[in-house]
Amino acid sequence: MMDMPASSSTTTSSDPADRIDLAVRGMTCAACVGRVERALRKQPNVSDVQVNFATEVATVHLVQAPGDQRSAVLTTLTDTVHDAGYEAHVIEADAPVTDDVPSWWSVWGAVTLGLAAAVPLMLPMLWGDHHFWPPWVQFALATPVQFILGARFYRAAWSALKARAGNMDQLVALGTTAAWGLSMWLWWRHDPGQGAHAAHAAHDAGPALYFESSAVVIALVLLGKALEARAKRATSAAIRALQALRPDTVLRLGPQGEVEVPLKQVTVGDRLVVRPGERVPTDGRVLEGSSHVDESLLTGEPLPVSKQAGDGLTGGAVNAEGRLVMAVEAVGGQTLLAQIIRRVSDAQATKPPIQRLVDKVSAVFVPVVLVLAIATGLGWMWAGLPGEDALIRAVAVLVIACPCALGLATPAAIMAGTGAAARHGILIKDPEALEVAHRVSVVAFDKTGTLTEGHPTLREWQVPPGSGLSSADALRWAAALQAGSEHPLARAVREATRSPMPETTSAAATDAVALRDVHAVPGRGIQASLAWQGRGGQLCLGSRLWAVDALGESALRDSIPQADAWSAQGSSVSWMWWQPSESIPGAGEARVLAAMAFSDPIKPHAPAAVRALQALGVQTVMISGDNRGAAQAIARQVGIQDVVAEVLPGDKADHVHRLQAGGRETVAMVGDGLNDAPALAAADVGMAMAHPDGGTDVAMQAAGITLMRGDPLMVPAALDVARRTSAKIRQNLVWAFGYNLLGIPLAAMGELSPMVAGAAMAFSSVCVVTNALWLSRWRPMTPGISEDRASGA
């Protein structure tokens, strides 16, 4: 089929004018996320807000671009976040990458001091001796922890209270203050008249105090936050690795020779020098030199790719052994690397449907816990328990119920999963695509460029007897007709004309120069006006379907019988014919001029990919615009049983809808991102393979998942990582909800002390993030690895 490819759409900016990203600092739990979102949504011109607790980024979508008022809008948004009790600053597009690693003291200093004070208080309690330390020692150790190291909890709790919202800090502040205050009360009641003088008596038996509960809980919460921050940093490693691919300076070639300049000064058209071992600074094309380039961090391709003059270069790749001179074709947000970073960032910032349910639960979680804690204390006092014991059980409820794990469960898994996928060349557009991909039951493949190499060659061609053309003339006509086309079959015809051919045996070649009004017929081929042998008409070249409509089935079969055998052998067959203009009386009938057989070998891993999908329990289908014989021959080679052939590009979407069967099947469509956009959009999830000759921009816009290299094994790999990520999300949510459902009743029954509750609360958040980090170890399947691995979602 000789339809023209869709033109590559203009790449969207990496920083749309109606979107603003804010870095938000100070959030401590899922309730904080809801508070920031509610505050920002109340602002004029804001259409939607999504806050990611794991990345601490608020993505604000505006109804319209702020234009000249952008500065005022940014100020309003940051002030709004500040009024809600948090700090915020704008994340500028294409800002220099700063991988700020906080100092050891800023992260672990408070933890170290807190544990240094809490451990001496905690150890005697492990064997039940509440009187090991005299009250004044307990007071001296616990009070700085409570009011100096714990000051952050009071500040955040007060900010939330002013905003009429609840958060984790309120639970910690209330619980630990209650334990500290109860200890002070018991100490004073034990010896109200003598004060500290009597309390200084060594080993004074004194009352059983709970200073250790307040100090240990604060120390453990700080420890949990430090471990959580470290784990969250690991989940964002993929983004940092991609950002680090941008060099700070480049060598620009000008009249003064090679001059080192900052990358941000480079413009389209500049000539840059890339020395061996350096990173390609931006997207462009090789002008001079040859080398091998490592694109593994962009596409997942483990082997270096050969580059010569005329070949494209992608920013971020590593030049191996040769010196290259390149012409810049894209800079800043227009580069492929910038689009990849934006795609991964968007996927990690967007919330899946299940997270929205978690947010609703988190919004009411803190008030519910406060009610439960009060009910616990009052209930035990009513049951006859001493007031201090009832209060300690209420404190345990407050401490163990902190909803940190709920806020981290989903975003941590999504960050780890999408990051691992991106490292291997799989870009997931958003969590919705991830959610759908793990349920895919049918995968529909395009043929050309997806299962086959996409570089067809003209295997043979024939002209019918009496056509008035020699075989060489027919080929020259076809090449002239497609001189401006970038379709793979058009390139194959032009390449064939460069091979030695017989001399022209007719005047046909000179007529071909007179082609006028050359234009593509979508989904069918290409045609032009041609006056031949004194008569006006149309020269057409295209698919068998188009030829049958114009000439009839019998005309094709009678003119070149060999064409059916070519199709049966797996070749794509195109037909060329001339038909006179109807306005010219007696112009004669249309006639077949040539049939051309194109060979396009299958990709090496295509059969393994189909077997891997079958191992995952996924049905495979081929939907192709090629003739039925060629499509079925390729399907047999790769192992696909169901074939839909001779389909126009616009009709592929209808066949996708039929596969969906009213919602009973979840369908993924795999195409090269050029002519398959309608089908990619119609499928439950579209998977666009980066085309070897461009079209990656189209792929990234049209599909939910973009496969950065044209290896069919990337398809089962994408489904595999989606299944594993979804499984981690479910595991994390079960742990987070189950932890609270089990821990709160135990604390209310007095089975957990505040110390144990604090340790369990910190352990819960760390476990959720650590469980998600296992996704970072994911690797795509490769030929030779047992397909049982694919089923381990």
Side-chain angles (χ1 to χ4, degrees), residues 1-5 445-464 471-472 474-479 481-482 485-502 524-526 541-547 556-557 559-576 592-610 622-640 643-647 649 670-672 674-676 689 691-693 710-712:
M1 186 172 70
M2 299 295 293
D3 53 307
M4 292 287 288
F445 286 96
D446 175 47
K447 179 180 77 69
T448 303
T450 304
L451 292 173
T452 65
E453 293 287 359
H455 291 289
T457 57
L458 182 59
R459 197 181 81 184
E460 53 186 312
W461 70 99
Q462 285 187 10
V463 296
S471 61
L475 186 61
R476 292 188 178 96
W477 274 41
L481 184 60
Q482 301 174 103
S485 173
E486 290 302 317
H487 192 280
L489 299 188
R491 288 198 296 270
V493 170
R494 293 198 298 271
E495 288 173 3
T497 60
R498 299 187 186 107
S499 303
M501 292 190 303
R524 292 180 175 270
I526 193 167
L541 175 62
S543 67
R544 184 178 182 278
L545 276 178
W546 191 22
L556 301 185
R557 187 181 305 111
S559 61
I560 305 179
Q562 182 64 22
D564 289 337
W566 293 341
S567 295
Q569 295 166 7
S571 294
S572 300
V573 179
S574 294
W575 294 82
M576 186 170 70
V592 175
L593 298 181
M596 301 178 180
F598 297 88
S599 175
D600 188 9
I602 66 169
K603 292 181 176 178
H605 296 161
V610 173
M622 178 192 290
I623 303 178
S624 174
D626 210 343
N627 65 75
R628 184 167 302 278
Q632 289 178 335
I634 295 296
R636 282 193 300 271
Q637 293 180 56
V638 300
I640 295 177
V643 180
V644 181
E646 300 180 343
V647 180
V670 186
D672 62 9
L674 294 172
N675 292 322
D676 301 309
M689 277 188 180
H691 198 274
D693 298 304
D711 186 346

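We count residues from 1, following the sequence as given.
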From Glu453 CD over to Thr448 OG1, what is the distance, rounded to the nearest 0.5 angstrom?
11.5 Å

I need the minimum non-hydrogen distance between Ser559 and Pro464, along with the two atoms involved.
O-CB, 3.6 Å

Let me see the working for Trp477 and Leu541 under side chain to side chain contact (heavy atoms under 4.5 Å, CB included), right down to the final yes or no.
CA-CA 10 Å; Trp477 274 41; Leu541 175 62; over 6 Å; no

CD1/Ile526 to OG/Ser574 distance, rounded to the nearest 0.5 angstrom?
11.5 Å

Separation between OG of Ser571 and CE of Met596, rounded to the nearest 0.5 Å:
13.5 Å

For Gly449 and Met689 the tightest heavy-atom approach is O-SD, 4.3 Å

Phe445 versus Thr450, closest heavy-atom pair with distance:
CD2-CG2, 3.9 Å

Please give me the minimum heavy-atom distance between Val573 and Ala595, naming the atom from each residue.
CG1-CB, 4.4 Å

Nearest 0.5 Å, what's the NE2-OG distance between His455 and Ser599?
13.5 Å

Compare every heavy atom of Leu489 with every heavy atom of Pro456, then report the nearest pair and how far apart it is.
CG-CD2, 3.3 Å

dist Lys447:NZ -> Thr452:OG1 (nearest 0.5 Å) comes out at 5.0 Å

Keeping the roles fixed (side chain from Lys603, backbone from Gly710), state whether a donor-acceptor pair exists under 3.5 Å.
yes

Might you point out which heavy atoms bring Ala594 and Ala474 nearest each other, and give the distance in Å?
CB-CB, 4.0 Å

Tell me, do Ile602 and Pro607 make a side-chain contact under 4.5 Å, heavy atoms counted?
yes

Take Leu475 and Val493, measure what side chain to side chain contact (heavy atoms under 4.5 Å, CB included) needs, and give me the verdict at the end.
CA-CA 7 Å; Leu475 186 61; Val493 170; 3.9 Å; yes

Atom pair CD1/CG of Ile634 and Asp600 - distance to nearest 0.5 Å:
7.0 Å

Report the C-alpha separation of Arg459 and Trp566 in whole Å, then their side-chain angles, then the decisive distance to 0.1 Å, and conclude whether the side chain to side chain contact (heavy atoms under 4.5 Å, CB included) test is met.
CA-CA 10 Å; Arg459 197 181 81 184; Trp566 293 341; 3.4 Å; yes

Applying the side chain to side chain contact (heavy atoms under 4.5 Å, CB included) criterion to His605, which one of Leu451, Asp711, Val638, Val610 satisfies it?
Asp711

